[in-house]
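Written out below as C-alpha cells is the structure these notes cover.
Every heavy atom of this structure was used, including side-chain atoms; hydrogens, water molecules and symmetry mates were not. Just so it is clear, the structure is predicted and the values come from calculations on it, not from any experiment.
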Protein chains: 2
Amino acid sequence: MPRTTLTSAQIVDAAVGLLDAEGLEGLNMRALGKQLGSAATAVYWHVGSKENLIALAADQVWHEIPLPDLAVVDWRTAATRLATDLHTMLTRHPWLVQAFGSLPLFGPGKARHDDHSLAIHEAAGFTGGQADQAAATVFTFVLGNALGPAAADSLARRLGRAGDDAAEAMRDSTAKAHEIAARFPRLRARLETAAAGHGAAPDNSFQFGLQTVLDGLEARLAAARP
Amino acid sequence: MPRTTLTSAQIVDAAVGLLDAEGLEGLNMRALGKQLGSAATAVYWHVGSKENLIALAADQVWHEIPLPDLAVVDWRTAATRLATDLHTMLTRHPWLVQAFGSLPLFGPGKARHDDHSLAIHEAAGFTGGQADQAAATVFTFVLGNALGPAAADSLARRLGRAGDDAAEAMRDSTAKAHEIAARFPRLRARLETAAAGHGAAPDNSFQFGLQTVLDGLEARLAAARP
DNA sequence: CTACGACTTGCACAGTGTTCAAGAAAGGAC
DNA sequence: GTCCTTTCTTGAACACTGTGCAAGTCGTAG
C-alpha cells in the first residue's frame, strides 16, 4: 500500500466536517481531497460517487441522536426527547434536510431511529399502521421545521464567503421580505408585534408545534379508548 | 426592439414548465434558452441570476392555491382545505420543496398564502403570536410531508433519463432499503403487514397527520377556554 | 524476485453558471 | 431623412464542477 491508505470512515468523517463547515453546495471533491491530503479522485475508489458519499455522511449523523429508554420514561416524554434531539441534530447539520429533498436517504442510522420511533408510538397505544402514521406525523413535522433554517443557513454561508457586501445583501433580502409582508394586514401586524416584543424565540415555535402534534396524537388515543 | 422581445413572465412560465418536467437539477440555462428560442444568456438581462429565476418561479406557483372564504366555512375546514391544496400544489411541483431548503423563498405569492393562513388561525381563536405559531405548525407539517416524495421524484427523474437500467437501479435501491429495515424488528413487521395489506395509501398518511395536527390545535384552544 | 491486487494520481472531458464586449433593433430629436 | 440613446440579444469566453481512464506506486503473498 502507499504510505497512508484512506478508509471509508475517514472519508465520511471529513465529508461531514466539510458539510457542516461549508454547507451542501460548499462540498466538492477537490476540497475534500485536499482536506484528506489526497487527490480528489482517490475518493472515488472508496465511495463510488458524490451522491453515495452524501448518503453515507447523511446516515452517519443519525447515530448522534440518543434513543430514550421506554422502560424508564413514558411514551410522551420519550417522543418529546427523540423529536427534540432529532431537531438539534438537524440544526447541527442543516445540509441533511437539503439532501433529503434530492436523494433517497435511508441507511442503518435512519432505520435505527425509525425503529425506535415506531416502538415509542406502539407503546403509546397505537397499533399496526396507526403507529407508523403517528410516528410519520411527528417526524414529518420535525423535518419540515428544519427546512426554513436550512435555507437561511445556506444563504448566510454563501454570503459569508462572498467578501464585503454579505451583510448588505442579507439586509436587502430581509428588507424586501418585510416590504412585501407589510402589504398584507395580518403579516404586517405580526411583524410589528414581533419587533416590539423581540419576537418569539424560534425554538419556542418548535416546542409549540411539537407539543401540539403530541396533543393531537393523545386526542386520537383518547377517542379510540372508551 | 428586436423582432420578439422576451418578457419576465414568459421566462418564468417556461422555467416552471421546465422545472415540472425535468426537476430542479434538470433546469439549466441553455435548455431554458432553447425552449424560449433565444440564447441562454439572454435570460440574464431579465432575471439576473438562476437563483433569482428559481425564486420567481417558486413564488409564481403559490398563486395556484385557492384561499377558502372564512365567511362560508368554519376555521377547521378552511385550514384543512388550505393545507390540502398546498399539499397538492407541492406534489405538482416537487422542486419547490427542494428549493426551499437552499434558497430564501419569500415573495408576494407566499405572503398571500401566509396572510390567509394567519387569518384562519386567528378566526380559530388564537391571538397574537399564538396564531403565528399555530399557522407555522400546520405549514411545517405540510412542508415536511412533501420532502420525502420530492426525493423519490428527483431520483426517478434522474434514473428515467438514464436509459436502460433505470428500473433496475430503482429496484436495487428499494431492495437494499428493505434489507436494512428487515434487521429491525418493528420495521420488519411494518414491511410485512404493508406488503400484505397493499400498504396504506400515502395520501391517507397525509390526512391522518393533518387531522392530528388540527386536533392538537383544537385541544390547545379548549384548554385556553374555561 | 516476481506477480498480483489494492489503492492513488494526473489528465482530460463534458457540462455548469455567469461575464463581457460587441452588436441589433426600436423610438425619438432635429 | 440622419443620429443618438436606450433596450435587449448574441456568441465567445472563463472558472468551476463531477467523473472516467490509463498509468503509476506500493505492500504483500507465492
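Under the 4.0 Å criterion applied to side-chain N and carboxylate O atoms, E51(B) and R158(A) are assigned as salt-bridge partners. Ion pairing between a basic and an acidic side chain is recognised when a charged N comes within 4.0 Å of a carboxylate O; E22(A) and R157(A) show no such pairing. For E122(B) and R190(A), the salt-bridge test passes: some basic side-chain N is under 4.0 Å from an acidic carboxylate O. Taking the charged nitrogens against the carboxylate oxygens, D85(B) and R81(B) have no contact shorter than 4.0 Å, which rules out a salt bridge.
One interatomic measurement links the two molecules: OH of Y44(A) to P of dA22(D), which rounds to 18 Å at whole-angstrom precision. One interatomic measurement links the two molecules: CG of L32(A) to P of dT8(C), which rounds to 12 Å at whole-angstrom precision. Atom C1' of nucleotide dA25(C) and atom CH2 of W45(B) are separated by 14 Å, given to the nearest angstrom. Atom C1' of nucleotide dT17(D) and atom CD of E22(A) are separated by 16 Å, given to the nearest angstrom. The nearest whole Å value for the distance from the CD atom in E51(A) to the P atom in dG18(D) is 12 Å. Atoms NZ (K50(A)) and P (dC16(D)) sit 15 Å apart, rounded to a whole Å. Residue K34(A) contributes atom NZ, which lies 15 Å from atom C1' of dT9(C) at whole-angstrom precision. If you take CE of M29(A) and P of dC11(C), they are 19 Å apart, rounded to a whole angstrom.
For N28(A) and T41(A), each mapped to the nucleotide of DNA chain D holding its nearest heavy atom, the one lying further toward the 5' end belongs to N28(A).
Residue H46(A) places at least one side-chain N or O under 4.0 Å from the OP1 or OP2 atom of dT8(C).
Among the atoms of the strands shown, only primed sugar atoms or phosphate atoms (P, OP1, OP2) are found under 4.0 Å from some heavy atom of A39(B). If you check every strand for non-hydrogen atoms under 4.0 Å, L27(A) touches sugar and phosphate atoms only.
Checking dC8(D), dT9(C), dT10(D) against the side-chain heavy atoms of T5(B) singles out dC8(D) as nearest.
Side-chain atoms of R30(A) come within donor-acceptor range of the base of dG18(D), with a qualifying N/O pair under 3.5 Å.
Within the cation-pi definition used here (under 6.0 Å to the ring centroid, within 45° of the axis), K110(B) does not qualify as a partner of F184(A).
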